[in-house]
Amino acid sequence: MLDIKLLRENLELVKERIASRGAKLDWERFVAIDRERREALAEWERLKEKKNRISGEIGKLKKSGGDPAPLMREVEEIAQAVRDGEGPLAEIEKRFQDFMLMIPNLPHPTAPLGSGPEQNREVRSWGELPRFDFPAKNHWEIGEELGIFDFSRAAKIAASRFTVYYGAGALLERALINFMLDLHTRERGYREVLPPFLVNRDTMTGTGQLPKFEEDLFRTVDPELFLIPTAEVPLTNIHREEILDRDDLPIHYVAYTPCFRREAGSYGQDVRGLIRQHQFNKVELVKLAEPQNSYEELEKMVNDAEEVLRRLKISHRVVELCTGDMGFASAKTYDIEVWLPGQATYREISSCSNCEEFQARRAQIRYRPDKKGKPLFVHTLNGSGLAVGRTVVAVLENYQQKDGSVVVPEVLRPYMGGLERIM
RNA sequence: GGAGAGAUGGCCGAGUGGUCGAAGGCGCACGCCUGCUAAGCGUGUGUACCCCUUAAAAGGGUACCGAGGGUUCGAAUCCCUCUCUCUCCGCCA
């Protein structure tokens, strides 16, 4: 959510920057709603003030033995007017809030302008692209031949876009989770969290999944809860509606969770393999930081995520997303893209964003900069560290051998009982 | 799932219809005093929104005593629903 004061005082600037994301909003309607809300609120509060004042006088009069009857008749009418005003006011308030919640974040001035992935800007790349003296296979071919993935039985048990892992495949997934968690907790200062995987509507609204993206979420009916699409949601909401001490910041959390996404609207994309699943595992990094440090923290977060790939010795690059390709809540996003020899392309394996105040304002996460100061909104950051399923893909495709086996990256062997090769 | 108790400000804790944003204490901030420290004294100490101004503040108003609804001229206080916490019983990974 944006600061309403910014919208009132600098609407032209806001319009322009929101437009750079490709979002279209009816700003004239917004201006009308805002004005209507303020006028109605002021009028209603004037009535309440009068009612409160007269009610107080009735109290005094009764105590001193006077006759309150005339005042009571007078205030009765006002009380009725106040009641009559409640409905329309609530309706205007709702329209106002709904609009506010549908406005995406302002892009940071350094985010490249653009409408789609083509305008993303490569920041750096790491590692040589691997060469094979045989035709490189896709991970699903590798995995099915090794008997570690079973897509058809997963579809039988659940639906398409689910996978059953067996044996070394399941072990590889688990090893990656543990490796990533150990790296981030032991060497990078993140606190490990194991959050709920189902969350309520307020939590989903706090990070910006709701109200706009309900169709992307899985939902339970009774009670109504939503399966998390990323651990960013529960982690960022841990401190919802709290005022933190300055000394508490920055907060660094890391969590492994499964993630659940409807993938509505992605029919036909990545239908084979592990790339786009309804359920996948992810190790997520979340930070709450003071505004003046948040961009420094973003750079460090990207670096922490990249470190996973450096230790796995897998080629990758970092790109800065352009305004049109960023998520709803983000002011600035770096994607890490990993090289997949089987598809001869880079694929996103991590996305690290600074949401600045956007989520903090929705979720009311604040801190006190000093003892006497007013509370300020924290900046929230989130990033994959990394998407585990896609890391499995990267390992299989980059470490595949001519005979169909896959060499286990050295750093993972301690996590896999010393296993050196999946065959 | 059954029975009971509870939810008040940063914390503890009073308050069962009227002037209560809420006593008192603790904590914290500022000032005074004390040639250090401790103690003592005084003042202050929530958040959001609206109005008026604005560089900002001050000022005025509204709301908030778990959440939502109701009764009433008036609700922290009465009624209803819900949520959460605690205790006991049952069940259970």
Side-chain angles (χ1 to χ4, degrees), chain A residues 1-10 30-101 103 194-206 220-226 234 237-249 258 357-378:
Chain A
M1 198 153 61
L2 301 180
D3 184 354
I4 182 61
K5 292 196 192 85
L6 182 69
L7 289 172
R8 283 175 192 151
E9 290 160 17
N10 253 319
F30 171 74
V31 170
I33 292 172
D34 181 46
R35 190 180 52 237
E36 195 184 351
R37 168 177 176 268
R38 285 201 279 176
E39 283 169 3
L41 191 60
E43 173 58 27
W44 188 73
E45 286 187 353
R46 267 195 296 279
L47 279 174
K48 287 217 66 155
E49 188 275 329
K50 197 169 177 189
K51 188 188 84 167
N52 289 346
R53 183 159 39 81
I54 298 176
S55 290
E57 282 167 24
I58 290 171
K60 281 183 211 159
L61 215 52
K62 276 195 165 178
K63 246 181 195 153
S64 63
D67 177 16
L71 279 180
M72 285 176 73
R73 273 195 298 279
E74 186 188 345
V75 78
E76 208 153 345
E77 274 177 44
I78 301 168
Q80 187 55 45
V82 168
R83 272 193 293 275
D84 291 345
E86 273 168 9
L89 190 66
E91 192 270 331
I92 293 165
E93 189 70 38
K94 182 169 186 333
R95 274 192 284 145
F96 175 75
Q97 282 302 328
D98 286 349
F99 198 104
M100 291 296 286
L101 290 172
I103 305 173
L194 183 60
F197 302 159
L198 283 82
V199 301
N200 59 38
R201 188 169 280 276
D202 285 345
T203 293
M204 281 294 184
T205 306
T220 65
V221 173
D222 187 20
E224 182 190 76
L225 290 168
F226 298 87
N237 277 280
I238 286 174
H239 298 291
R240 178 154 51 86
E241 289 154 44
E242 291 183 16
I243 299 176
L244 302 162
D245 286 338
R246 185 186 190 171
D247 296 344
D248 297 336
L249 300 176
E357 290 185 3
F358 187 82
Q359 293 179 325
R361 196 179 285 282
R362 288 175 163 247
Q364 293 293 308
I365 310 168
R366 291 171 289 179
Y367 78 106
R368 227 177 268 284
D370 56 83
K371 288 267 195 307
K372 299 193 74 177
K374 286 266 169 202
L376 301 177
F377 291 108
V378 301

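Atom set for the values below is all heavy atoms of this structure, side chains included, hydrogens, waters and symmetry mates excluded. Proteins come first, then strands; the chains are lettered A, B, ... in the order of their sequence lines, and each starts at number 1.
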How would you label the contact of [X] with the nucleic acid (heavy atoms, under 4.0 Å): base, sugar-phosphate, or nothing?
| X | value |
| --- | --- |
| A:Arg8 | sugar-phosphate |
| A:Arg46 | nothing |
| A:Ile58 | base |
| A:Arg366 | sugar-phosphate |
| A:Lys51 | sugar-phosphate |
| A:Pro68 | nothing |
| A:Lys48 | sugar-phosphate |

Return the nearest nucleotide to the side chain of [X]; candidates are [options].
| X | options | answer |
| --- | --- | --- |
| A:Trp44 | B:C50, B:U62, B:C73 | B:U62 |
| A:Glu49 | B:C50, B:G61, B:G74 | B:G61 |
| A:Arg368 | B:C51, B:A63, B:U47 | B:U47 |

Just by distance, do the side chain of A:Ser55 and the backbone of A:Ile58 share a donor-acceptor pair under 3.5 Å? no
Sub-3.5 Å donor-acceptor pair from the side chain of A:Asp3 to the main-chain atoms of A:Lys5, do we have one? yes
Round to a whole Å and report the spacing from [atom1] of [X] to [atom2] of [N].
| X | N | atom1 | atom2 | value |
| --- | --- | --- | --- | --- |
| A:Asp247 | B:G10 | CG | P | 18 Å |
| A:Lys5 | B:A55 | NZ | P | 15 Å |
| A:Glu241 | B:G10 | CD | C1' | 17 Å |
| A:Arg35 | B:C49 | CZ | P | 21 Å |
| A:Glu43 | B:C51 | CD | P | 13 Å |
| A:Ile243 | B:G9 | CD1 | P | 13 Å |
| A:Lys60 | B:C73 | NZ | C1' | 15 Å |
| A:Asn52 | B:A22 | CG | P | 14 Å |

Is any side-chain heavy atom of A:Arg37 closer than 4.5 Å to a side-chain heavy atom of A:Glu93? yes
When the nearest nucleotide of RNA chain B is assigned to A:Arg53 and to A:Arg38 on a heavy-atom basis, which residue is associated with the more 5' position? A:Arg38
For the pair A:Phe30 and A:Phe99, name the ring-plane relationship: parallel under 30°, tilted 30 to 60°, perpendicular over 60°. tilted
Any strand: nucleotide that pairs with [N] via Watson-Crick or wobble, under 3.5 Å:
| N | value |
| --- | --- |
| B:A93 | none |
| B:U53 | none |
| B:A23 | none |
| B:A76 | none |
| B:G40 | B:C32 |
| B:G17 | none |
| B:C88 | B:G2 |
| B:G66 | B:C82 |

A:Glu77, CD: over 12 other non-hydrogen atoms inside 6.0 angstrom: no
Provide the distance between the two P atoms, one in B:A57 and one in B:A38, to the nearest whole Å. 36 Å
